[in-house]
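None of these values were measured; they are calculated from a predicted model. Just so it is clear, the values below take in all heavy atoms, side chains as well, and ignore hydrogens, waters and symmetry mates.
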Amino acid sequence: MSLLGGAVAAWPFAAHAQRGERVRRIGVLIGVADDAETKAWVATFRKRLDELGWQVGRNVDIDERWTAGDPEQNRVFAAEVVASKPDAIFAFSSVAVAALRRESRTLSIVFTAISDPVGSGFVESLARPGGNATGFTNFVPTMAAKWMEVLKEIAPQVRRTVLMFNPQTAPSFGVEAAAVIVRQTTDIEAAIADLAREPGGGLIVPPDNFSYVHRTLIFALAARHRVPAVYPFRFMAREGGLVSYGVDLGETFPRAAEYIDRILKGTKPADLPVQAPTKFELAINLKTAKALGLEVPPTLLARADEVIE
């Protein structure tokens, strides 16, 4: 909607103003590239809003912006979204939320795909967010141990594990693994090459914006260096990752729409608890396993929610 010309964009407001109906504004800031997976999730957000009675062209305007994970675009687009004075904002990724909160501590924000909203300073607590933001997390501490368990089960030869993350977008993980900080693509290349220098290396890729944006590079390097890796989201296994264990990110988008609906009807973000995931998915890519020379145990296959042939 933000790409429409001023005269065209204004007509719904004029038409409804004549009838005395207020058109509400929702700002949307997506802190990743507009890939097919994320586009489909955003479509479910819009669909749920429509089901709740918020229809574009009738009583709501949606200003949607995508930053491709670029810090400067996040800053610029966040400022533009805030300047438009929306009634509520939906944000996907921690970098998007951080950029928005630098611009405003009063506009209502509903987020999703945030690993540690308390540690990031977005909310005071999960039960009582306080402030102007609330939403849905994509991580619970028990997931870290599960990644280790799954990686060891699918690749029993793994003796050394590296947790690769960007400290600006990942939470603190209670996992016994060497931590490698990556801030740019060359760091990813160096980390995986170093891990592969000796046999028995395994990689854990936690949920953060940086790994989300650069996942294709991580898949390619893990394959080239024959490093078994576990990822946080099911679609990553579909796209070529060996195995994934984590939450269904797409499921949080319609739930975020429900929070936006409640805010538009008068509820404050501070009164809406941050919701942690309760459903987890295991996906295995057999083609990738074969390329790595791994034989997936039948017991692990039996537990999988999806097996990619």
Side-chain angles (χ1 to χ4, degrees), residues 37 113 115-116 137-166 170-180 182 188 191-208 210-212 214-251 276-309:
E37 192 80 30
S115 299
D116 186 6
T137 69
N138 61 9
F139 176 78
V140 293
T142 54
M143 287 170 60
K146 194 67 177 180
W147 291 329
M148 293 284 283
E149 176 189 322
V150 168
L151 186 59
K152 187 67 176 175
E153 194 168 353
I154 200 169
Q157 77 276 15
V158 168
R159 298 188 302 276
R160 296 175 296 107
T161 307
V162 163
L163 181 78
M164 187 172 67
F165 69 101
N166 184 305
S172 300
F173 296 99
V175 60
E176 294 181 6
V180 174
V182 289
I188 297 175
I192 295 178
D194 184 65
L195 180 60
R197 284 197 176 95
E198 296 181 17
L203 179 66
I204 296 175
V205 181
D208 73 52
F210 188 79
S211 63
Y212 186 105
H214 298 291
R215 62 188 184 274
T216 302
L217 174 63
I218 298 172
F219 300 154
L221 291 170
R224 182 192 310 168
H225 293 285
R226 299 179 66 80
V227 172
V230 59
Y231 301 89
F233 304 120
R234 185 184 214 173
F235 70 90
M236 290 182 166
R238 290 175 183 159
E239 293 179 358
L242 172 63
V243 61
S244 68
Y245 179 82
V247 306
D248 178 2
L249 266 186
E251 182 261 347
T278 57
K279 178 186 176 184
F280 304 92
E281 303 176 316
L282 173 66
I284 301 167
N285 190 313
L286 289 182
K287 183 179 179 181
T288 302
K290 183 177 180 181
L292 293 173
L294 299 174
E295 190 169 330
V296 183
T299 52
L300 188 61
L301 286 172
R303 300 203 309 272
D305 296 281
E306 182 176 1
V307 177
I308 296 97
E309 302 284 351

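- R226 places a side-chain N or O within 3.5 Å of a backbone atom of A291 that can act as its donor or acceptor partner.
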task: Test H214 against V182 for side chain to side chain contact (heavy atoms under 4.5 Å, CB included), laying out the working first.
output: CA-CA 11 Å; H214 298 291; V182 289; over 6 Å; no
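- Counting all heavy atoms, side chain and backbone alike, P297 lies closest to E153 at CG-O, 3.5 Å.
- Heavy-atom minimum distance, V227 versus L292: N-CD2, 4.1 Å.
- One distance of note links CD1 of I284 with CD1 of I154; it measures 5.0 Å at 0.5 Å rounding.
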- request: Test I308 against K287 for side chain to side chain contact (heavy atoms under 4.5 Å, CB included), laying out the working first.
  value: CA-CA 7 Å; I308 296 97; K287 183 179 179 181; over 6 Å; no
- request: Take K279 and E251 through the salt bridge (Lys or Arg N to Asp or Glu O under 4.0 Å) test and state the conclusion after the steps.
  value: CA-CA 9 Å; K279 178 186 176 184; E251 182 261 347; over 6 Å; no
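- Shortest non-hydrogen contact noted between P199 and R160 is O-NH2, 3.4 Å.
- For an aromatic pair to be called close, the ring centres must be under 6.0 Å apart, and Y231 with F219 satisfies this.
- Residues that satisfy the salt bridge (charged side-chain N to carboxylate O under 4.0 Å, His left out) test with D305, not counting sequence neighbours, are absent from this structure.
- Proximity of V296 to V307: side-chain heavy atoms (C-beta onward) are nowhere separated by under 4.5 Å.
- The distance between the ring centers of F235 and Y212 falls below 6.0 angstrom.
- Side-chain N or O atoms of N285 include none that pairs as donor or acceptor with a backbone N or O of L242 at under 3.5 Å.
- With rounding to the nearest 0.5 Å, the separation of CG in D116 from OG1 in T137 is 9.0 Å.
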message: Using side chain to side chain contact (heavy atoms under 4.5 Å, CB included), reason through E306 and R234 one step at a time and then give a plain yes or no.
response: CA-CA 8 Å; E306 182 176 1; R234 185 184 214 173; 2.9 Å; yes
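- Of all heavy-atom pairs spanning S244 and F233, the tightest one is CB-O, 3.2 Å.
- Of all non-hydrogen atoms in M236 and P232, the two that sit nearest each other are SD-CD, 3.5 Å.
- Taking CD1 of I204 as the reference point, atom CH2 of W147 lies at 7.5 Å (rounded to 0.5 Å).
- Residues N138 and S115 share a closest heavy-atom pair of OD1-OG, 2.9 Å.
- Between the CE atom of M148 and the CG atom of L163 there is a distance of 9.5 Å, given to the nearest 0.5 Å.
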CA sep, side-chain torsions, deciding dist, call: L249, E37, side chain to side chain contact (heavy atoms under 4.5 Å, CB included): CA-CA 10 Å; L249 266 186; E37 192 80 30; over 6 Å; no
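- Side chain of K152 to main chain of V158: a donor-acceptor pair is present (N/O by atom type, distance under 3.5 Å, no hydrogens or angles).
- Rounding to the nearest 0.5 angstrom, the gap separating the CG atom in L221 from the CG atom in L195 is 11.5 Å.
- Taking CZ of R303 as the reference point, atom CG of L282 lies at 6.5 Å (rounded to 0.5 Å).
- At least one side-chain heavy atom of L203 sits less than 4.5 Å from a side-chain heavy atom of I218.
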